[in-house]
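Here is the structure we will look at.
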There are 2 protein chains.
Amino acid sequence: MRLTRAGEYAVRCMVYLAYKGHGVLVSKQEIAERTEIPSYFLAKIVQQLSKARLIVITQGPKGGYSLLKPAAEVSLLQIVEVMIGEISLNECVDRPSSCSVSKNCSVHKVWEKASSQLRETLAAVSLAQLSENESCIPIFPVRVSNA
Amino acid sequence: MRLTRAGEYAVRCMVYLAYKGHGVLVSKQEIAERTEIPSYFLAKIVQQLSKARLIVITQGPKGGYSLLKPAAEVSLLQIVEVMIGEISLNECVDRPSSCSVSKNCSVHKVWEKASSQLRETLAAVSLAQLSENESCIPIFPVRVSNA
DNA sequence: ATAAATAAGATATTTAATATCTTATTTATC
DNA sequence: GATAAATAAGATATTAAATATCTTATTTAT
């Protein structure tokens with residue numbers, strides 16, 4: 001019951017892009033190095049982010065990735081769900097047919113409530129908020145400390 | 001990001017035991033059949049529930065399982081965490097060392113909040129509540145409908 | 001035309017979850 | 001006490017998902 005590494009990597013990648021600025025093109029190499037994501041794995045992740053229209057991929061030399069939308073318009077939930085699909089904390093939540101009485105099942109109701117609560121919490125956080133503050137990318141934000 | 005089947009089975013088993021009543025001995029066979037848990041898998045699960053002091057195992061002929069505590073004193077969270085360990089929705093939550101800046105990381109803070117929120121939601125539900133109402137065990141509660 | 005970049009599909013590799021089997025232990029009953 | 005019926009506990013498959021990597025193709029600046 002935990003975010004996958006792919007999900008974590010997607011968040012880091014997006015936070016880094018947001019930090020660099022909306023529309024700014026950043027190379028795969030740079031992102032991979034700064035965010036400590038295996039370069040090949042990053043390639044897979046950005047493909048999904050691009051299909052979901054969260055980023056733009058530019059090919060060719062001087063190519064790279066950039067945000068499609070302003071960071072304020074992207075939520076943490078969106079990023080995570082691109083990678084792992086819609087969050088549901090128990091199978092019966094997204095496949096009620098797996099349970100014979102789901103509709104009236106008291107256990108089902110708890111998981112349904114917990115799932116939507118979690119989705120709301122993640123939806124309330126924007127990429128802008130995440131990139132404006134210190135976050136878990138090594139070296140970054142350097143903002144050369146004033147001591 | 002979903003409950004494992006072992007977790008789901010543990011909940012079903014506990015709900016069934018609670019339904020039969022506190023201290024009532026129920027055989028493995030009966031539980032396996034009524035809750036649709038593979039018998040061998042159930043054996044593994046009750047071992048953990050027993051170590052965690054949620055149920056009592058009685059060996060020998062006429063053996064079986066029963067609740068150790070009144071259902072009102074057991075929470076859904078307890079049952080689930082016996083099977084999957086303490087819930088943390090991202091690696092950085094229970095292993096802050098995996099992240100270089102965790103303490104001040106804005107992403108980390110969100111996952112920490114989401115994790116405790118989820119734990120609170122599950123902690124607020126007692127086994128008694130779950131077994132008093134209709135739940136996801138086929139056939140059960142039969143409570144011969146009055147039509 | 002060339003070379004530098006990413007795209008996309010295929011394939012390993014690793015890990016975790018699920019399921020099952022085997023042998024051992026406990027205990028009610030005769 | 002012997003027997004048989006139940007669970008215990010450790011070991012081993014099996015399955016599925018996640019992670020990681022490789023290969024070949026495509027795009028585009030120079």
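Naming convention: chains lettered A, B, ... in sequence-line order (proteins, then strands); numbering from 1 in each chain. Bear in mind the structure is a predicted one, so any value in this text is a computation, not a measurement.
In this structure, B/I57 atom CD1 and D/dA5 atom P are separated by 21 Å, rounded to whole Å. D/dA20 atom P lies 12 Å from atom CE of A/M83, rounded to whole Å. Taking atom CD of residue A/Q59 and atom P of nucleotide D/dA29, one finds them 11 Å apart after rounding to whole Å. Distance CG (B/L42) to C1' (C/dA19): 13 Å, rounded to an integer number of Å. In this entry the distance linking CD of B/Q48 with C1' of C/dA17 reads 12 Å, nearest Å.
Checking C/dA19, C/dA17, D/dA20 against the side-chain heavy atoms of B/P38 singles out C/dA19 as nearest. Considering only the side chain of B/A6, C/dT18 comes nearest among D/dT28, C/dT18, C/dA28. Comparing C/dA28, C/dT6, D/dT19 by their closest approach to the side chain of A/S27 singles out C/dT6. Closest to the A/K44 side chain, of the nucleotides C/dA10, D/dA18, C/dT6, is C/dA10.
Distances shown here put a side-chain N or O of A/R5 below 4.0 Å from the OP1 or OP2 atom of D/dA20. The side chain of A/Y40 contributes no N or O atom lying less than 4.0 Å from OP1 or OP2 of C/dA12. A/K51 has no side-chain polar atom (N or O) that falls below the 4.0 Å cut-off from OP1 or OP2 of C/dA8. Proximity of B/K62 to the phosphate of C/dT29: a side-chain N or O atom is located under 4.0 Å from OP1 or OP2.
Residues B/Y16 and B/V56 fall into different hydrophobic clusters, defined by Ile, Leu, Val, Met, Phe, Trp and Tyr side chains chained together at heavy-atom separations under 4.5 Å. The cluster map of Ile, Leu, Val, Met, Phe, Trp and Tyr, joined by side-chain heavy atoms under 4.5 Å apart, puts A/F41 and A/V15 in the same cluster.
Within the shown strands, C/dT6 is the pairing partner of D/dA25 under the Watson-Crick or G-U definition, both distances less than 3.5 Å.
A donor-acceptor contact shorter than 3.5 Å links the side chain of B/Q129 to the backbone of B/S126.
Ion pair A/K69/A/E73 not flagged as a salt bridge, since none of the NZ, NE, NH1 or NH2 atoms sits closer than 4.0 Å to an Asp/Glu carboxylate oxygen.
For the side-chain contact (heavy atoms from CB on, under 4.5 Å) test with A/M14, the passing option among A/L127, A/L130, A/T35, A/V46 is A/L127; the others fail.
Among the heavy atoms of the strands, none lies under 4.0 Å from A/A43.
Of the two residues near DNA chain D, A/S39 and A/T58, the one whose nearest nucleotide lies more 5' is A/S39. Mapping B/V46 and A/T4 onto DNA chain D via the closest heavy atom, the residue that lands nearer the 5' end is B/V46. When each of A/M1 and A/Q47 is assigned the nucleotide of DNA chain C bearing its nearest heavy atom, the one mapping closer to the 5' terminus is A/Q47.
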